[in-house]
Number of protein chains: 2
Amino acid sequence: MTSAELEIPEATGRSEIKVSVADDAHRKLRTKILQGEILPGHKLKFEILQQEMSVSASSLREALTRLVSDGFVTSEPRRGFSVAPVSIEELKDISRLRTILEPLALRDAIEHGDDAWEAQILATYHRFSKIDSLQGDAPGIRDEQWSHWHQAFHEALVAACPSKKTMQFRAVLFEQSERYRAISAARRKQSRKKSDEHRNLMEAVLSHDADQAEKLMVKHIELTSNSLIEILQAAQVQEQKAV
Amino acid sequence: MTSAELEIPEATGRSEIKVSVADDAHRKLRTKILQGEILPGHKLKFEILQQEMSVSASSLREALTRLVSDGFVTSEPRRGFSVAPVSIEELKDISRLRTILEPLALRDAIEHGDDAWEAQILATYHRFSKIDSLQGDAPGIRDEQWSHWHQAFHEALVAACPSKKTMQFRAVLFEQSERYRAISAARRKQSRKKSDEHRNLMEAVLSHDADQAEKLMVKHIELTSNSLIEILQAAQVQEQKAV
DNA sequence: ATCAATATTTTTTTCGAAAATTTTGACAAC
DNA sequence: GTTGTCAAAATTTTCGAAAAAAATATTGAT
């Protein structure tokens, strides 16, 4: 509950906490897939990845099987691993479940949240809105920062929800959506303006208006989802033309 | 969709399909933990497990990290793995979320289900009720069978739900509950009679009465949960006396 | 030229041992 | 009696190479 939770974990030196090599590989790959740096369907070959992150085959395998559990990678037994495919159907599924679980967590948070929770929401919103209002500098870095604080803001909103499982599932779905956003971001012309959505959402939450907060959250998820679906549909048409 | 799905996977020889060694170890351990054969908090040592299932350290580690993802095992980096602890708080959390997700899946299933779906429900109920009405023979084996067909029946009820993620999450929660049930089963004097609950549930589903089905499902989850909580509470009191 | 059979190469999977780390136990000092 | 230090033992983690399997190339017969 300290301010340490606000720091970017990647930025602060990773030298203090010693975790397993496989854990490291898992996180690195996860980030790359999440940010759309490695595209859906891409074959993940041992030799290349081993060199790239200097780990042994066994540890790499451990990392890959964990990514399968995460839903970011698929495995064909004895034929290796690939980045999980994306589909409009799956995105719709993810989004629909998000419209159930996010409001559930949000209502819990509003009910149980204390002053520290409210302060954290304000703080993360501040950081997020600064980046959100910025015009595109170096697009790659900006998107990474935007994504980080966007996630932090949404996390802060529901942080006071006492249900571990709800929090866990909503986090899984959030990250899945985030991959779709990152993949689409590479293809989009201009991003949807949603600064208002986030501010309104924050205000509803901070005024403990659960009904309004739920309404805005559902709307936010649906608008985002529809926007991504459009981009993916356009991309599919492009692919079909190419064939 | 064939009748093959009704077979007990463990019973039919495992010789045909060749999966990875780690996968095998993962499933074996998973089953043991799920059935309460290895108790919460128990340290999972490499040497012993390696011997027990004749597998190398790396493959075993892969299996264990997957069990961590599954939520059945916890890991303290560089201090090994243990069977995840249980708590009344967690059981309540799991059950509450089940009262959200099971009805969600059930409504979807009722809306989308076809004749094959209905037939499957009838078939699994038949198998389940036979075992359920039986008086305890060899308790260990009976419980295993009961658990298998109980799970198969609940799975069949929602099988027609088209949402992959909903199905995935509800399956995770079902298995988590099942571990609590198995652990409690070892301590209980006599099990709660719930044959009626299952039959009524089936009848509501087959008559496409979504509201009634939802009501019965929620009730079923809550009654089961409360019954398990009681047993766990009694066990806790016992432990405190012992100290 | 086509196909099947076989050899070669590439890639994944598994192991067993070495390295790193934590735990235990003995002994000494306060 | 407690605390601290150090070596020994136990345990986990990691690697690199061997084994197994799959993909690809080659050959030879029709």
Side-chain angles (χ1 to χ4, degrees), chain A residues 9 13-33 38-85, chain B residues 9 13-33 38-85:
Chain A
R14 62 172 74 247
S15 48
E16 293 120 343
I17 36 162
K18 181 67 184 291
V19 290
S20 74
V21 167
D23 211 51
D24 231 49
H26 173 246
R27 274 212 282 266
K28 277 185 195 164
L29 268 176
R30 193 185 159 87
T31 303
K32 277 192 187 174
I33 294 171
I38 318 178
L39 290 177
H42 189 272
K43 187 83 197 293
L44 296 166
K45 292 196 187 158
F46 278 80
E47 204 182 345
I48 297 166
L49 294 175
Q50 269 184 79
Q51 269 188 303
E52 222 169 277
M53 359 202 221
S54 33
V55 298
S56 70
S58 331
S59 298
L60 177 59
R61 192 170 210 285
E62 189 189 316
L64 286 170
T65 54
R66 282 173 65 183
L67 287 167
V68 173
S69 296
D70 293 345
F72 291 126
V73 163
T74 57
S75 92
E76 304 250 352
R78 311 207 163 254
R79 300 188 180 196
F81 300 79
S82 316
V83 177
Chain B
R14 64 173 73 244
S15 47
E16 292 121 345
I17 37 162
K18 179 67 185 288
V19 290
S20 74
V21 167
D23 210 52
D24 231 49
H26 173 245
R27 275 211 282 264
K28 278 184 197 165
L29 269 175
R30 192 185 159 86
T31 302
K32 277 191 186 173
I33 295 172
I38 317 178
L39 289 175
H42 189 272
K43 187 81 198 294
L44 297 165
K45 291 196 186 158
F46 277 80
E47 204 182 345
I48 298 165
L49 295 175
Q50 269 183 79
Q51 269 188 304
E52 222 169 280
M53 358 201 223
S54 32
V55 50
S56 72
S58 330
S59 298
L60 176 59
R61 190 169 213 284
E62 188 188 316
L64 286 170
T65 55
R66 281 173 66 182
L67 287 167
V68 172
S69 297
D70 293 345
F72 292 124
V73 163
T74 57
S75 91
E76 303 249 352
R78 313 211 159 250
R79 301 187 180 194
F81 301 79
S82 318
V83 177

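Here is how names work: the chains are called A, B, and so on, in the same order as the sequence lines, proteins then strands, and each is numbered from 1. Bear in mind the structure is a predicted one, so any value in this text is a computation, not a measurement.
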Which whole-number value in Å describes the distance from B/Asp23 CG to C/dT14 C1'?
-> 14 Å
Atom pair distance, as rounded to whole Å: CD in B/Glu47 and C1' in D/dT12 = 11 Å
Let me know the distance between CZ of B/Phe46 and P of C/dA20, rounded to the nearest Å.
-> 18 Å
Can you find a side chain N or O atom of A/Arg78 that sits less than 4.0 Å from OP1 or OP2 on C/dT10?
-> no
Quick one: are A/Arg61 and B/Ser58 in side-chain contact, heavy atoms under 4.5 Å?
-> no
Measure from the side-chain N and O atoms of A/Ser54 to the backbone N and O of A/Gln51, and report whether any donor-acceptor pair falls under 3.5 Å.
-> no
Could you check how far CZ of B/Phe81 sits from P of D/dT11, rounded to whole Å?
-> 15 Å
Does a nitrogen or oxygen in the side chain of A/Arg61 sit under 4.0 Å from OP1 or OP2 of D/dG16?
-> no
Of B/Lys45 and A/Ser20, whose nearest nucleotide on DNA chain D comes first from the 5' end?
-> B/Lys45
Quickly work out the A/Leu49 CG to C/dT12 P distance and round it to whole Å.
-> 9 Å
Does any non-hydrogen side-chain atom of B/Leu60 lie less than 4.5 Å from one of B/Leu64?
-> yes
From CD of A/Gln51 across to C1' of D/dG16 the rounded distance in Å is 14 Å
Separation of A/Leu60 atom CG from C/dT13 atom C1', in whole Å?
-> 12 Å
Would you mind reporting whether B/Leu44 and B/Val83 have side-chain heavy atoms less than 4.5 Å apart?
-> yes
Side-chain contact, heavy-atom cut-off 4.5 Å: A/Thr65 with B/His26?
-> no
Take the protein atom CD1 of B/Ile48 and the nucleotide atom P of D/dT11, then report the distance between them rounded to whole Å.
-> 8 Å
Can you tell me if the side-chain N/O atoms of B/Ser59 get under 4.0 Å from OP1 or OP2 in C/dT13?
-> no
Does the base of C/dC15 carry an N or O that pairs as donor and acceptor with the side chain of A/Ser58 under 3.5 Å?
-> yes
Nearest to the side chain of A/Arg79, which nucleotide is it out of D/dA23, D/dT11, C/dT13?
-> D/dA23
